[in-house]
2 protein chains.
Amino acid sequence: MWEEILARYLNEKRLKKSAKRERIIKFFFKVDKHLNVDELYEKLGKKVSRSTIYRTLKLLTKCGLAIEQKFEEKNRRYEPAHLSHHDHFICLKCGEIIEFNDKKIENTQNKIAQKYNFKIVSHKLEIYGYCEKCQKG
Amino acid sequence: MWEEILARYLNEKRLKKSAKRERIIKFFFKVDKHLNVDELYEKLGKKVSRSTIYRTLKLLTKCGLAIEQKFEEKNRRYEPAHLSHHDHFICLKCGEIIEFNDKKIENTQNKIAQKYNFKIVSHKLEIYGYCEKCQKG
DNA sequence: AATGAAATTGAAATTCATTTTCATTATTAT
DNA sequence: ATAATAATGAAAATGAATTTCAATTTCATT
């Protein structure tokens with residue numbers, strides 16, 4: 001669970017607890033999908049500064065609980081790490097991001113990596129195109 | 001060939017030819033791999049301003065001859081479009097980017113897309129980890 | 001060749017996301 | 001309670017990408 005991992009990390013680094021940080025992190029894991037700083041700022045009622053949100057997301061990234069992502073947008077997104085094996089369909093019309101997961105793709109990746117003697121740590125697969133709605137519309 | 005596509009585009013948009021632009025574009029296709037603006041600036045002997053390089057790469061992107069890419073670096077890279085079906089291994093230690101190509105992966109992607117009724121236009125696959133050298137070193 | 005309208009260029013200014021600084025406030029160990 | 005140190009927010013700094021603007025270049029039309 002993220003609570004324990006976080007607690008262990010804070011302890012190890014001699015960091016202190018704080019209400020703001022907890023609020024951000026709890027919300028982040030409650031929503032449980034990729035978010036950017038502005039979305040968090042808005043959805044937390046602008047009660048926590050962007051600086052603190054940035055710092056908190058960096059912290060989560062450092063202790064392995066979140067993953068930084070760059071889609072073809074100007075700004076970064078963060079995703080709870082337990083979702084990070086998901087891949088994404090991204091609709092070029094409406095911008096919707098659909099998460100999916102497929103074992104076959106991972107197997108194929110492993111085979112190719114072997115061929116290149118590359119040791120895989122993680123991967124990112126984004127498929128761009130048109131979602132069901134936008135094909136009709 | 002890119003020459004014709006470019007010529008047609010310039011003509012269509014009533015744009016003019018220029019020596020600087022040609023130099024950038026020729027070099028870009030001669031090197032024939034992903035580059036960022038700074039690398040182009042250096043390798044062109046700092047004879048063309050960054051503004052112009054940015055503008056030229058945007059132009060190439062618009063006429064479909066280049067693809068903008070965002071790896072997990074601060075700045076963008078551009079890649080000749082004919083390479084853009086390549087996928088990438090990215091070494092987390094030395095930063096090397098190895099291009100590869102595999103039909104199996106594309107087949108699998110197509111099957112999944114069907115399941116989700118998603119119409120694929122393009123995709124981006126980046127595999128992070130350690131290259132052969134860095135596993136040993 | 002000469003003209004002029006429109007595109008191109010580079011330098012500097014601007015934008016915008018992110019990071020850092022710094023003075024103030026909150027937390028925690030003693 | 002005190003002292004030490006971390007957390008916070010506002011503002012400043014950073015850095016990549018874009019835009020502005022005056023000067024230059026291109027090119028279609030004389």
Side-chain angles (χ1 to χ4, degrees), chain A residues 3 6-28 34-63 65-79 95, chain B residues 3 6-28 34-63 65-79 95:
Chain A
E3 281 95 344
L6 180 64
R8 192 177 316 130
Y9 183 83
L10 294 180
N11 198 46
E12 190 178 289
K13 299 277 180 189
R14 303 276 154 75
L15 301 177
K16 294 172 179 168
K17 282 173 194 164
S18 90
K20 302 264 173 94
R21 189 147 65 196
E22 288 223 334
R23 221 159 117 193
I24 299 168
I25 297 178
K26 271 197 181 138
F27 186 77
F28 180 68
H34 47 77
L35 290 166
N36 62 33
V37 168
D38 254 47
E39 287 165 355
L40 275 168
Y41 180 66
E42 294 293 335
K43 296 199 173 181
L44 286 166
K46 306 185 183 180
K47 302 285 183 168
V48 186
S49 77
R50 281 170 226 265
S51 315
T52 298
I53 296 174
Y54 273 112
R55 283 190 277 234
T56 301
L57 290 172
K58 267 268 140 63
L59 189 152
L60 286 179
T61 303
K62 276 186 194 154
C63 64
L65 287 170
I67 302 288
E68 277 186 15
Q69 297 180 308
K70 281 183 193 168
F71 295 111
E72 302 301 320
E73 310 173 291
K74 15 190 167 179
N75 44 16
R76 253 181 241 146
R77 286 183 177 278
Y78 289 83
E79 178 171 85
Chain B
E3 282 94 343
L6 180 65
R8 192 177 317 132
Y9 184 82
L10 294 181
N11 197 46
E12 189 179 289
K13 298 277 181 187
R14 303 275 153 75
L15 302 177
K16 293 171 181 171
K17 284 172 193 164
S18 90
K20 301 267 173 95
R21 189 148 64 194
E22 288 221 336
R23 222 158 119 193
I24 300 169
I25 296 178
K26 270 196 181 141
F27 185 78
F28 179 68
H34 47 77
L35 291 167
N36 62 34
V37 168
D38 253 48
E39 287 165 355
L40 276 168
Y41 179 67
E42 294 294 335
K43 297 200 172 179
L44 287 166
K46 305 185 184 183
K47 302 286 183 171
V48 187
S49 77
R50 282 169 225 265
S51 314
T52 301
I53 297 174
Y54 273 114
R55 281 188 277 235
T56 302
L57 291 172
K58 265 270 139 64
L59 189 152
L60 285 179
T61 303
K62 274 186 195 156
C63 65
L65 287 170
I67 302 288
E68 277 187 14
Q69 296 179 311
K70 283 183 192 168
F71 295 112
E72 302 301 321
E73 309 172 292
K74 344 145 208 222
N75 44 15
R76 252 181 241 151
R77 287 182 176 277
Y78 288 84
E79 178 171 85

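Naming convention: chains lettered A, B, ... in sequence-line order (proteins, then strands); numbering from 1 in each chain. Only a predicted model underlies this, so the values are computations on that prediction, with no experimental measurement involved.
Among the protein residues, A:Lys13 comes within range of no part of the nucleic acid, since none of its heavy atoms lies under 4.0 Å from any strand. Residue-level contact check: B:Lys46 touches neither bases nor backbone, having no heavy atom under 4.0 Å from any strand.
Residue B:Lys46 holds its NZ atom at 12.0 Å from CG of B:Leu44, rounded to the nearest 0.5 Å. Here the straight-line distance linking atom CD1 of A:Ile67 with atom OH of A:Tyr78 works out to 11.0 Å at 0.5 Å rounding. For the atom pair A:Leu6 CG and A:Leu60 CG, the distance stands at 6.5 Å (nearest 0.5 Å). Atom SG in B:Cys63 sits 10.0 Å away from atom CZ in B:Arg8 (nearest 0.5 Å). Note that the CG atom of A:Asn36 and the NZ atom of A:Lys74 stand 10.0 Å from one another [nearest 0.5 Å]. If you take CD1 on B:Ile24 and OG on B:Ser18, they are separated by 7.5 Å, rounding to the nearest 0.5 Å.
Distance A:Lys58 NZ to D:dT8 C1': 18 Å, rounded to the nearest Å. Look at CG on B:Asn75: it is 15 Å from C1' on D:dT18, rounded to the nearest Å. A:Tyr54 has its OH atom 13 Å from the C1' atom of D:dT14, to the nearest Å. The nearest whole Å value for the distance from the CG atom in B:Leu59 to the C1' atom in D:dA17 is 16 Å.
At a threshold of 4.5 Å between non-hydrogen side-chain atoms, the residues A:Val48 and A:Leu40 do not count as touching. Looking only at side-chain heavy atoms (C-beta outward), A:Leu59 and A:Leu15 come within less than 4.5 Å of each other.
Residue-to-nucleotide proximity on DNA chain D shows that, of A:Val48 and B:Arg50, the 5′-proximal contact is made by A:Val48.
Contact footprint of chain B on DNA chain C: nucleotides with an atom under 4.0 Å from a non-hydrogen protein atom, first to last in 5' to 3' order, C:dA5 to C:dA12.
Under the side-chain contact (heavy atoms from CB on, under 4.5 Å) test applied with A:His34, the options A:Arg77, A:Glu39, A:Glu68 reduce to a single match, A:Arg77.
In the helix from C:dA1-D:dT30 to C:dT30-D:dA1, the terminal helix axes, each the rotation mapping four pairs' C1' atoms onto the next four within five end pairs, subtend 20°, rounded to 10°.
The phosphate of D:dT18 (OP1 or OP2) has a side-chain N or O of B:Arg76 nearer than 4.0 angstrom.
No side-chain donor-acceptor contact under 3.5 Å links B:Arg55 to the backbone of B:Arg21.
For DNA chain C, the residues of residues 14-23 of chain B within the heavy-atom distance limit of 4.0 Å (strictly under) are B:Arg14, B:Leu15, B:Lys16, B:Ser18, B:Lys20, B:Arg21, sorted by number.
A:Glu79 and A:Phe28 get closest at one heavy-atom pair: C-CZ, 3.6 Å.
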